[in-house]
Amino acid sequence: MTKAPFFILLFISALLTGCSQKIDKEEARNATIISTGSANLKNTVCIGDGFMGGFTNHELYRSGQRNSLANILGEILTKKGSNTFNTPLMFDDIGLGQRWELALVEDCNQETSLSINFFNRDNNILNDQNISVSGPFNNLGIPKLKLRDAFTTDAGGENPYYNRISESGSTYWNNIRANNATFFVSWLGMQDFLDWTLKGGTFFSGTGSFMTSETDFNLNYRNLFDSLFANGIDHGVLLNLFDPFDSPYFKTLPYDTLTLTQQQATQLNLIYALNPNVIFREGRNAFVVQEPGLARQMTEGEFILFTPNIVDSIKCENYGSLNPFSTVHTITLSEKFNIKSRIRDYNNIIDEIGVDYGIPVLNVNEIFNQLYKDGFSQNGITVNSQFITGNFFSVDGLSLTPRGNAVIANEIVKVVNLRYGTNLPIVNISNYPGNIIPNLE
Amino acid sequence: MRNTLLFLLLTQGLTLLAGGFQVNLLSTKQIGMAHVGQGYAFDASSIYFNPGHLVFLKERTSFTGGINFIKGKAYYYNPNTEEEYSTKDGISTPFSFYAQTKVNKRLAVGLGIFTPYGSSLRWEDGWTGRYLITEISLRSFFFQPTFSYKLTENIGVGGGLTFATGDIYLEREVPITSEDGTTPKATLTGKDNAFSFVIGGYWQATEKLNIGISYRHGMEFSVTDGYADFSNIPSEAKEFLPDQNFKGSLPIPNAYNFGVAYKANSKWLIMAEVNYTQWSVYKQLKIDFEEETDVLKDEVQPKKYKNTFTFRLGTSYQLNEKFTIRGGISRDNTPTNINYYSPETPDSDRWGFHFGTTMKLNQSLELDLAFMQVNGEQINTQYKPADFGGTFKGGASILSIGGNFKF
């Protein structure tokens with residue numbers, strides 16, 4: 001009897017420690033999002049170019065593909081019972097040899113600084129190997145692919161990224177259809193103006209790099225949608241196109257960052273003495289561009305296209321000063337105007353298609369506007385359009401990092417949940433890497 | 001054994017308790033009955049609860065001490081991303097010690113050493129809020145010389161000066177993607193001392209009813225030479241994150257306490273109590289770095305705590321010469337703000353269930369034992385400035401062992 005209280009205490013203790021303190025997830029979910037309906041998400045095909053397929057740091061490579069927009073969506077969908085998500089993975093992280101990286105680089109003046117460099121590794125020919133036998137692929141994001149090439153058998157010609165995933169003689173559409181998909185996510189059309197833009201808005205004979213006309217764009221997208229719907233792939237999401245001119249690719253080298261001493265200015269003025277368009281002063285000056293006719297200095301709103309070696313050319317080969325920039329490396333005001341109005345036209349067409357086919361449109365352009373303005377934050381980190389540290393754009397300044405893809409993926413999920421009443425989870429963007437900062441110690 | 005105990009005393013492991021970072025485990029007897037202590041003098045722990053009734057203790061000199069073993073855990077779930085994490089298991093051991101002696105019939109003096117504020121937890125690796133907090137350890141030790149004076153046969157007043165020393169350790173990850181996959185981390189450490197006071201009054205209104213009231217003044221720990229250490233930072237980002245000193249401060253709120261004790265008969269005691277804590281002083285946590293960079297900026301983390309009421313109902317019954325049993329229930333409302341909910345104190349409104357017993361070993365020695373179960377309610381929160389949010393729930397089991405020696 002005398003020991004009874006101790007035993008009672010022990011007994012109660014044992015009872016209480018057994019109490020569950022775990023979270024009631026159902027209640028937690030109900031407190032935030034209510035979801036009942038469902039679309040058939042068993043088998044999703046992701047249609048698009050490099051922005052969809054995981055092109056990052058100026059190349060398509062294995063780890064980039066694993067963190068691609070398509071694969072992040074695939075990851076979310078497989079969590080919710082979707083079939084496996086098949087990706088045409090490159091052989092390694094080198095890809096076809098075009099990758100850029102952030103590294104300590106010795107410039108032409110033997111000065112070392114942290115800058116963008118070519119990722120100099122030997123590429124393995126296995127990256128070029130045709131892997132169509134492992135298809136069909138859910139991730140059909142093919143770098144450089146234009147909407148207008150969806151029904152050609154060679155993706156417009158000379159696209160090694162397409163040639164490695166497709167059986168010869170098959171169109172891009174054939175590859176889509178092979179999936180027997182129940183759901184699609186389509187982000188095509190960026191290349192229809194970007195190819196032209198990244199070539200400085202300059203015509204090269206025979207490359208077919210002109211922007212796709214509005215008429216063709218409309219026709220091609222409707223063709224694609226007719227084909228999708230005819231094959232029962234009638235649920236999905238359509239992404240519109242973003243204006244790229246606020247990305248670091250265009251902002252990294254401002255038009256007026258030619259810095260001169262008084263002596264340099266005087267010398268250059270002497271050389272340009274016969275050209276009334278060009279006058280230099282000590283300090284900060286606009287670069288010089290060669291258009292048909294007399295060379296001229298660039299004006300506000302014009303852009304220099306960024307490549308790893310252009311900085312050296314500016315520093316040591318007087319590129320943009322004594323030797324004017326070729327128009328291949330610049331976007332002039334009129335070029336910019338044309339490109340921007342073309343993007344607007346494409347987006348109007350995309351909106352119309354969305355209405356006509358009853359497919360929700362994710363306004364990617366608006367997402368990028370928000371990115372340029374405020375950025376996106378989640379769980380204590382922010383991504384924005386700052387070069388490198390913004391962690392949204394990869395080191396090429398235009399394609400996205402895995403973290404940037406995660407931001408877009410979340411926006412797609414929100415649209416799908418809203419339209420189709422599904423309860424797909426979004427992802428934690430901080431679980432996807434941003435730009436890698438080198439450690440040289 | 002001695003060393004082990006010392007080790008436990010010095011290494012507070014993982015705590016999760018009570019409103020904010022308050023730890024209401026100040027004496028074993030009271031823990032066993034909802035932590036009520038305003039309206040009744042049990043032992044020398046009156047030094048903490050209400051110095052007004054210290055002088056009403058029968059014994060001339062006494063010592064009371066206790067140690068608590070807390071096993072706490074907090075769970076996190078994000079309904080949007082379906083991520084789940086919890087804090088790592090661990091035991092923490094806040095303690096208390098009190099000594100008192102009567103100078104004469106009207107005056108008693110004493111000294112208390114206790115740990116009323118503290119918090120320490122470590123979240124699982126890779127958890128969602130890792131850029132806000134991965135680990136915290138907040139410790140405080142209070143030393144309180146106290147007096148208690150009998151104004152009349154049934155009214156007592158008392159007060160004490162509090163000398164407090166506190167230290168803090170905060171760890172979080174730094175959102176830089178490094179080449180080799182190591183995790184860049186920031187740790188902030190700091191310490192400070194502060195002074196304050198407590199006053200209390202006690203009135204034996206009738207034979208059966210006692211009333212107690214006390215006020216514990218707040219204080220502020222100001223870290224002036226805290227140290228921020230950045231580790232695993234890729235070399236090319238180091239110039240933006242230099243190790244350096246920082247300043248910061250953390251307020252401890254004022255607390256008003258009111259309680260009654262009713263002696264139903266010679267064996268049965270019923271007590272009720274309300275605590276009002278002015279947590280709204282904790283508006284923000286400022287971290288002022290000595291050297292700001294493009295990446296590293298001074299921080300103002302809004303907390304926007306609310307003032308809270310805590311309600312306690314406890315009872316004890318003397319079974320026989322040897323044993324007394326105790327029980328109680330407490331309702332502790334969280335001061336946290338659901339829109340500025342920071343995962344360093346994953347706190348919610350909670351119920352506490354208390355059980356205890358005292359065994360009288362001989363005329364001068366008593367052994368106290370108490371068990372307390374704290375169940376926090378599920379809470380849906382966000383921390384707006386960081387766009388962080390989710391559902392939290394937590395709880396703790398506490399075993400308290402104490403002793404009371406009097407002569």
Side-chain angles (χ1 to χ4, degrees), chain A residues 1-6 8-10 12-13 15-17 19-33 76 79-80 102-104 114 376-382 389 391 401-403 410 413-414 423-441, chain B residues 32 71 73-84 86 126 128-132 172 175-180 182 232-237 294-295 319-320 322-325 353 355-357 359 369-371 373 375-376 378 380 383 386-397 399:
Chain A
M1 176 60 204
T2 51
K3 279 181 183 163
F6 277 97
I8 293 167
L9 191 68
L10 209 65
I12 297 167
S13 307
L15 274 182
L16 282 169
T17 29
C19 280
S20 171
Q21 289 165 356
K22 291 216 169 153
I23 287 172
D24 178 346
K25 291 179 199 165
E26 196 56 41
E27 193 192 313
R29 270 197 292 271
N30 289 341
T32 47
I33 44 168
I76 294 167
K79 255 194 255 175
K80 288 291 167 184
L102 189 63
L104 272 192
L114 193 63
F376 286 87
S377 60
Q378 188 196 34
N379 301 327
I381 61 166
T382 302
T389 55
N391 284 317
T401 61
R403 194 168 293 167
N410 284 346
V413 164
K414 287 176 198 166
N423 62 344
L424 299 178
I426 58 169
V427 294
N428 178 355
I429 62 169
S430 64
N431 289 346
Y432 297 86
N435 286 314
I436 292 168
I437 306 298
N439 189 13
L440 304 162
E441 279 171 6
Chain B
K71 190 165 178 279
K73 204 168 180 70
Y75 295 89
Y76 169 80
Y77 174 66
N78 186 325
N80 293 320
T81 59
E82 301 188 352
E83 291 172 288
E84 324 174 41
S86 62
T128 317
R130 62 190 181 275
Y131 299 118
L132 303 172
R172 64 182 179 220
I176 294 177
T177 309
S178 64
E179 228 169 346
D180 52 5
T182 56
N232 288 343
I233 306 292
S235 61
E236 299 313 301
D294 288 346
V295 176
L319 279 182
N320 52 39
K322 215 164 184 184
F323 281 106
T324 302
I325 55 169
F353 304 98
F355 306 92
T357 182
M359 180 163 66
L369 195 64
F371 178 80
Q373 175 66 32
N375 292 337
Q378 189 159 320
N380 300 305
Y383 185 66
D387 291 280
F388 169 80
T391 303
F392 288 88
K393 192 176 183 180
S397 308
L399 179 69

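Both backbone and side-chain heavy atoms feed into the values below; hydrogens, waters and symmetry mates do not. Residue numbers begin at 1 in each chain, while the letters A, B, ... track the order of the sequences.
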note = When rounded to the nearest 0.5 Å, the distance separating OG of A:S377 from OH of B:Y131 is 14.0 Å
ask   = For the candidates B:L132, B:D294, B:T128, B:N78, which exhibits the highest count of non-hydrogen atom pairs separated by less than 4.5 Å from chain A?
value = B:T128
remark   = Comparing A:N431, A:I426, A:I436 against chain B, the one with the most heavy-atom pairs below 4.5 Å turns out to be A:I426
note = Of B:F392, B:Y76, B:F388, the largest count of non-hydrogen pairs under 4.5 angstrom with chain A goes to B:F388
ask   = If you look at every heavy atom in B:T177 and A:N435, which pair is closest and at what distance?
value = CB-O, 3.5 Å
ask   = Hey, what do you get for CD (B:E236) to CD1 (A:I437), rounding to the nearest 0.5 Å?
value = 9.0 Å
request  = Kindly compute the distance separating CD (B:E82) from CG (A:L424), expressed to the nearest 0.5 Å.
outcome  = 9.0 Å
ask   = At their closest point, which heavy atom of B:P234 faces which heavy atom of A:P438, and how far apart are they?
value = CB-O, 3.5 Å
query = Could you state the interatomic distance from OG1 (B:T81) to CD (A:Q378), rounded to the nearest 0.5 Å?
reply = 7.0 Å
request  = First locate atom CD of B:Q378, then atom NZ of A:K25, and finally report the distance between them rounded to the nearest 0.5 Å.
outcome  = 11.0 Å
query = Relative to chain A, which segment of B:R172 carries a heavy atom at a distance below 4.5 Å: side chain, backbone, both, or neither?
reply = neither
message = So which atom in A:I381 and which in B:P175 form the shortest heavy-atom distance, rounded to 0.1 Å?
response = CG2-CB, 3.3 Å
Residue, of A:T389, A:L104, A:N391, that accumulates the most heavy atom pairs under 4.5 Å with chain B = A:L104
key: Which atom of A:N439 lies closest to which atom of B:E179, heavy atoms considered   = N-OE1, 3.0 Å
request  = Select one option (side chain, backbone, both, neither) describing which atoms of B:Y383 are under 4.5 Å from chain A's heavy atoms.
outcome  = neither
request  = Enter the distance from A:T382:OG1 to B:D387:CG here, rounded to the nearest 0.5 Å.
outcome  = 7.0 Å
